[in-house]
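First up is the structure itself, then whatever we jot down about it.
Naming: A, B, ... by sequence-line order, numbering from 1 per chain.
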There are 2 protein chains.
Amino acid sequence: MSHNTRNYAKMMRDRGFRVTHQRRLVLDAVCEGGAHTTVDEIYARLQQKDPSISLSTLYRTLDFLTRLHLVVEARTPDGKTSYEIASLQPHHHLVCRTCGREEQIGPEEVQHLYAEIERVYGFLPDEDHLVLSGLCRSCRARQAA
Amino acid sequence: MSHNTRNYAKMMRDRGFRVTHQRRLVLDAVCEGGAHTTVDEIYARLQQKDPSISLSTLYRTLDFLTRLHLVVEARTPDGKTSYEIASLQPHHHLVCRTCGREEQIGPEEVQHLYAEIERVYGFLPDEDHLVLSGLCRSCRARQAA
DNA sequence: TTTATTGCAAATCCTTTGCAGTTAC
DNA sequence: GTAACTGCAAAGGATTTGCAATAAA
């Protein structure tokens, strides 16, 4: 595990859990996924490194890592669950509904939305990982043409 | 069907589809759900009026009504699919993660977010039915106490 | 050694599909 | 009458679970 920003193994042990071969590999596989990866993508990557890891272990491990806040879970607009390494900065994602490309955006705009909603409705949203679909710059340009 | 704002039956016939007993009942059941209802809730309501309607018909009908834009589908943050009658005004929902209460909000704040994202990233989101979780006013007050 | 964690296979949950019978038009 | 639509039962896909074996501490 070369996740240099945090010492993941220590975080697990400190909370009384064991650092297993499988957990290391799952963490790696989620990490290599970059932005958002689905369970099957993670599983495929895992199979290449160690085909003996079972799907149920993957599910259990993703659940485990999510509880520890080492990875975060997000729900795409079409109902799929995806995962990514929990980074230090909260952020959100845009997914183009035409080309499927995904980009990350910072928290500023969304924070501003939350503040507005709080001001107007008294409700404070805390969704820390939105996935919004729409049209990306290039697909919009193509459509306009 | 007493959906007075629109003539649903006509909308179906005009597009060449049949207006069946089942479609009327599903539309009613979604309607009575108010804000967001899940498939099982809708099914339960349906059973009381006509136990002979099958679950597969419910799924098919929800799909059908969604395509016709008579109902809209939304994805809650915890991965469930929910439905509601398509209203004339686009809007979004806030769901309290403590008490579960749900409230509707207008499109203004979210529109503003979309415009900001477009300005900064060139990406135009078009999610027309966001469901955001967070803490409602009363649960926040209770927490503060 | 001890008990958390794993792999396997079976179970569960939610949704979709094939097909023969029914019904809106 | 004739397609579109439905109910049923079976299939599918994703995720969870029970249990005996394994391995991290």
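- Between the CG atom of D14(B) and the P atom of dA4(D) there is a distance of 17 Å, given to the nearest Å.
- Between D126(B) and R97(A) there is a salt bridge, with a side-chain nitrogen of the basic residue lying less than 4.0 Å from a carboxylate oxygen of the acidic one.
- One interatomic measurement links the two molecules: CZ of R23(B) to C1' of dC5(D), which rounds to 6 Å at whole-angstrom precision.
- Nearer to the 5' terminus of DNA chain C, by closest-nucleotide assignment, is the contact made by K80(B) (compared with the other of K80(B) and H21(B)).
- Heavy atoms of T20(B) sit under 4.0 angstrom from primed sugar atoms or phosphate atoms, though from no base atom.
- Tracing side-chain contacts under 4.5 Å through hydrophobic residues (I, L, V, M, F, W, Y), one never reaches L113(A) starting from L124(A); they form parts of separate clusters.
- Comparing atom distances between the Y59(A) side chain and each of dA14(D), dC5(D), dG7(C) picks out dA14(D) as nearest.
- In this structure, CG of L62(B) is placed 15 Å from C1' of dT6(D), rounded to the nearest angstrom.
- Between dG7(C), dC25(C), dA25(D), one nucleotide has an atom nearer to the side chain of R18(B) than all others, and that is dC25(C).
- The distance between atom CD1 of I53(B) and atom P of dG7(D), rounded to the nearest whole Å, is 6 Å.
- At least one side-chain nitrogen or oxygen of Q22(A) sits closer than 4.0 Å to the OP1 or OP2 atom of dG7(C).
- Between the side chain of T57(B) and the base of dC5(D) there is no donor-acceptor pair of N/O atoms closer than 3.5 Å.
- Distance from the side chain of S56(A) is smallest for dG7(C) among the nucleotides dA25(D), dG7(C), dT5(C).
- Put simply, CD on E103(B) and SG on C136(B) are 7.0 Å apart, with the number rounded to the nearest 0.5 Å.
- Atom CG of D63(A) and atom P of dT5(C) are 12 Å apart (whole Å).
- Atom-to-atom, CZ of R15(B) to P of dC5(D) comes out at 13 Å; the value is rounded to the nearest Å.
- You'll find that the side chain of S54(B) is closest to dG7(D), out of dG7(D), dC25(C), dT5(C).
- A cation-pi arrangement is absent between R137(A) and F123(B), since the terminal nitrogen or guanidinium carbon is not both under 6.0 Å from the aromatic centre and inside a 45° cone about the axis.
- Base engagement by R60(A) is indicated by at least one non-hydrogen atom pair under 4.0 Å involving a base atom.
- Atom pair I42(A):CD1 and dA14(D):P shows a separation of 14 Å (rounding to whole Å applied).
- E118(A) has a carboxylate O that lies under 4.0 Å from a charged side-chain N of R140(B), or vice versa, which qualifies the two as a salt bridge.
- Atom OH in Y83(A) sits about 13 Å away from atom P in dA14(D), given to the nearest Å.
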